Amino acid sequence: MDSMTPFVLHSPKSMAQALALLQAHPGGRLIAGGTDLLPNLRHGIGAPDPLIDLSGIAETRHIRRGADVWHIGAGVTLQQLELHADIRSEMPALSQAAASIAGPGHRAVATLGGNLCLDTRCVFYNQSEWWRQSNDYCLKHRGDVCHVAPQGGRCHAAWSGDLAPALIALNARVDILGALGPRSIPLADFYVDDGARPLALHAGELVTGVHIAAQPEGMRCGYRKARVRAAIDFPLAGVGACIVMTDGVLRDLRVALTGTNSRPFLLEGTEALCGAVVTQELLDALGKLVKKQVNPMRTTATPSNYRRQVAAVLAQRLIGELAGSVSS
Ligand SMILES: Cc1cc2nc3c(=O)[nH]c(=O)nc-3n(C[C@H](O)[C@H](O)[C@H](O)COP(=O)(O)OP(=O)(O)OC[C@H]3O[C@@H](n4cnc5c(N)ncnc54)[C@H](O)[C@@H]3O)c2cc1C
Ligand code: SF4
C-alpha cells in the first residue's frame, strides 16, 4: 500500500458545518473512521479534495430508544453497536453483524455511517495502483472494460457491508441530510444495483443515522456470514433475518442479503412461506428463493457458485435456528 498523498483536512464540529463544507467542495469526501476510505486512497483510488472529517461531531454519536422507535446516529461506532446491552437483547441481528466486522481495532473507530456508505469490492479493484495499472485499470475506476463481465456495460463489484442486511431485515430507515433539509427513506431503497455507484445519495448529501420502529411482539432475529477467514474478513455472503412466530406457525419472515450483488437487498417472495410451520420443505423453498435472487459474479477469489450455495445455506440455517425447531 502506498503512502497518502498530501491532502487538506477539514474538521467540522456539527453536521450542518459538514454539509456546508460538502456543498462548498464538490470534490470533497467525508471520512468517518477511515477504515474503508483510507485503504482505498492509499491504493490510489480517488484523490478527494478536501477530506471532511466527521469524527469530531458529537451530535451523531447517540443510541436512543424511544417508546416505539430506536434512533442510532451515523457516528456510533461498531464497537458500541456490538456491546450495547439493549441492542444485544432486542436486536441481536444488529449486534451480531457489528461483531462480525473487521477486527476489534477497526470496530473501535469504524462507524455506522461509514459502514452503510461503503464502497463496493472486487478482486480487480481493491488492489494497488501498479496492480490495477498493469491490468489496464477497469470500468469502475480509470478504465474502459469490466474484467468480470467484459461484454456488459456496468460494474458488478459486490456490496459487502454487514450492517445493512441486518438493518434491512429490521425494516430500518436511513436519515439523510442535504441542501433541501432532512429526508428519510427505507434503508432497502438506499442501495442501487450498480457496482460503480451503489448509493442513492444525491451529490452533497450525508447520512445522519438510522431509525428502527418497534418490532412486532415475539420477533426473533439474527445475522450470519461466510468468509474466508473466521475474523477480519468481508462476507462472501451474509444474511440478516427477522421472523415472527405464534403457536409454532411462521407469521412473518424478512431476509436480507449482502456480499453477493452490487447492493444489499431484501429477499422477495418470503410472504408465500408464511402461515405454515417451519419444515425442511419450507427451508428448501427458502433456499430456492435465495439462489434465484443472488447474483454473485467473479469479483472474489472464491467461486461465484460457492457464494450462491452458501448464501442459501446460511439463510436456511439461520431461519431453522431462529424457529427453534424444524418439523419433519
Ligand atoms: C481489514 C479490514 C477488514 C474489514 N472487514 C469488514 C467486514 O467484515 N465487514 C464490513 O462491513 N466492513 C469491513 N471492513 C470495512 C470497514 O472497516 C467497515 O465497513 C467500517 O464500518 C467503515 O466505517 P468507517 O467509519 O471506517 O468508514 P470510512 O472509511 O470513514 O468511510 C467509508 C465510506 O463512507 C462514507 N461516509 C462515511 N460516513 C458517512 C456519512 N455519515 N454520510 C455519508 N457518507 C459517509 C465515506 O465518504 C466513505 O466513502 C473492513 C476493513 C478492513 C480494513
Ligand atoms: S466488476 Fe468489473 S468494473 Fe467493477 S470493479 Fe470489478 S472489474 Fe472493475
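As the structure lists them, so they are numbered: ligands from 1, and atoms in each ligand from 1. Note that these values count all heavy atoms, side chains included, but never hydrogens, waters or copies made by symmetry. Keep in mind the model is a prediction, meaning the values are calculated, not measured. Numbering starts at 1 and runs along the sequence shown.
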Would you indicate whether the side-chain heavy atoms of L170 and C242 approach each other to under 4.5 Å?
yes
Would a 4.5 Å heavy-atom cut-off, applied to side chains only, mark R254 and M219 as touching?
no
Which protein non-hydrogen atom lies closest to atom 13 (C) of ligand 1, naming both residue and atom, and how far is it?
F234 CE2, 3.1 Å
Geometric N/O contact A74 with ligand 1, under 3.5 angstrom
no
Could you tell me if T260 and R307 have a donor-acceptor pair between their side chains, going purely by distance under 3.5 Å?
no
Lys/Arg N to Asp/Glu carboxylate O, K292 vs E268, below 4.0 Å
no
Write out the residue and atom name of the closest protein heavy atom to atom 41 (N) of ligand 1, then the distance separating them to 0.1 Å.
V207 O, 2.9 Å
For atom 47 (O) of ligand 1, which candidate among N115, L30, T35, I31 holds the nearest heavy atom?
L30
Residue selection (non-hydrogen contact nearest atom 1 (C) of ligand 1) among I232, D53, T208:
I232
I need the nearest protein heavy-atom contact for atom 48 (C) of ligand 1: residue, atom name and distance, please.
R29 NH2, 4.0 Å
Identify the protein heavy atom lying closest to atom 27 (O) of ligand 1, giving its residue, its atom name and the separation to 0.1 Å.
G114 CA, 3.3 Å
Please state which protein non-hydrogen atom is closest to atom 36 (N) of ligand 1 and give its distance, to 0.1 Å?
C117 CB, 3.9 Å
Could you check whether any side-chain N or O of R132 sits under 3.5 Å from a backbone N or O of G143, counting only pairs where one atom can act as donor and the other as acceptor?
no
Is the shortest side-chain heavy-atom distance between S184 and H211 below 4.5 Å?
yes
For D162, counting its heavy atoms only, list the atoms of ligand 1 lying under 4.0 Å from any of them.
7 (C), 8 (O), 9 (N), 10 (C), 11 (O)
Proximal atoms of ligand 1 relative to L78 (non-hydrogen, under 4.0 Å):
21 (O)
Salt bridge (charged side-chain N to carboxylate O under 4.0 Å, His left out) contacts touching residues 76-85 (sequence neighbours left out):
E82-R107
Which of the atoms in ligand 1, numbered in the order shown and given with their element, are less than 4.0 Å from a heavy-atom of A102?
3 (C), 4 (C), 5 (N), 6 (C), 7 (C), 8 (O), 50 (C)
Ligand 2: which residues have a non-hydrogen atom closer than 4.0 Å?
C122, F124, Y125, C138, L139, K140, C146, H147, V148, C155, H156, A157
Counting each atom of ligand 1 from 1 as listed, which ones have a heavy atom of G161 under 4.0 Å away?
11 (O)
Note: ligand 1 atoms sitting under 4.0 Å from heavy atoms of A32 are 25 (O), 30 (O), 37 (C), 38 (N)
Distance only, no hydrogens: is a donor on one side chain within 3.5 Å (strictly under) of an acceptor on the other, for S262 and R154?
yes
Under 4.0 Å to a heavy atom of L37 - the qualifying atoms of ligand 1, by number:
29 (O)
Note: with side-chain heavy atoms under 4.5 Å as the link, the other cluster members for L38 come out as M4, F7, L9, I31, L37, L41, L51
Going by side-chain heavy atoms closer than 4.5 Å, which hydrophobic residues are tied to M15, directly or by a chain of links?
L19, L21, L22, L30, I52, L54, I57, L177, L206
Nearest 0.5 angstrom please: L167 CG to W70 CH2, how far?
12.0 Å
Here's a test for you: under side chain to side chain donor-acceptor pair (under 3.5 Å), which of Q215, R65, H84 qualifies with E90?
R65
Ignoring hydrogens and geometry beyond distance, is a side-chain donor-acceptor pair present between Q96 and R224 at under 3.5 Å?
yes
Which heavy atom of the protein is the closest neighbour of atom 28 (P) of ligand 1, given with residue, atom name and distance?
G34 N, 3.5 Å
Could you tell me whether R227 and D162 have a side-chain N and a carboxylate O separated by less than 4.0 Å?
no
T111 to ligand 1: N or O pair under 3.5 Å?
yes
Below 3.5 Å, N or O to N or O, backbone or side chain included: is there any such pair between G33 and ligand 1?
yes
Answer yes or no for R263 and Y191: cation-pi contact, defined as NZ/CZ to six-membered ring centre under 6.0 Å and angle to ring axis within 45°.
no
Checking the N or O distance criterion of under 3.5 Å, is ligand 1 in contact with H106?
no
Answer yes if F190 and L94 sit in the same cluster of Ile, Leu, Val, Met, Phe, Trp and Tyr residues linked by side chain heavy atoms under 4.5 Å apart, and no otherwise.
yes
Is the closest heavy atom of S160 to ligand 1 under 4.0 Å?
yes
Go through ligand 1 atom by atom and flag the ones less than 4.0 Å from a non-hydrogen atom of D233.
7 (C), 8 (O)
Could you tell me whether a side-chain N or O of K225 sits under 3.5 Å from a main-chain N or O of D233, the two making a donor and an acceptor?
yes
Which atoms of ligand 1 are found less than 4.0 Å from any heavy atom of L54?
38 (N), 39 (C), 40 (C), 41 (N)
Work out whether the distance between some heavy atom of K225 and some atom of ligand 1 is less than 4.0 Å.
yes
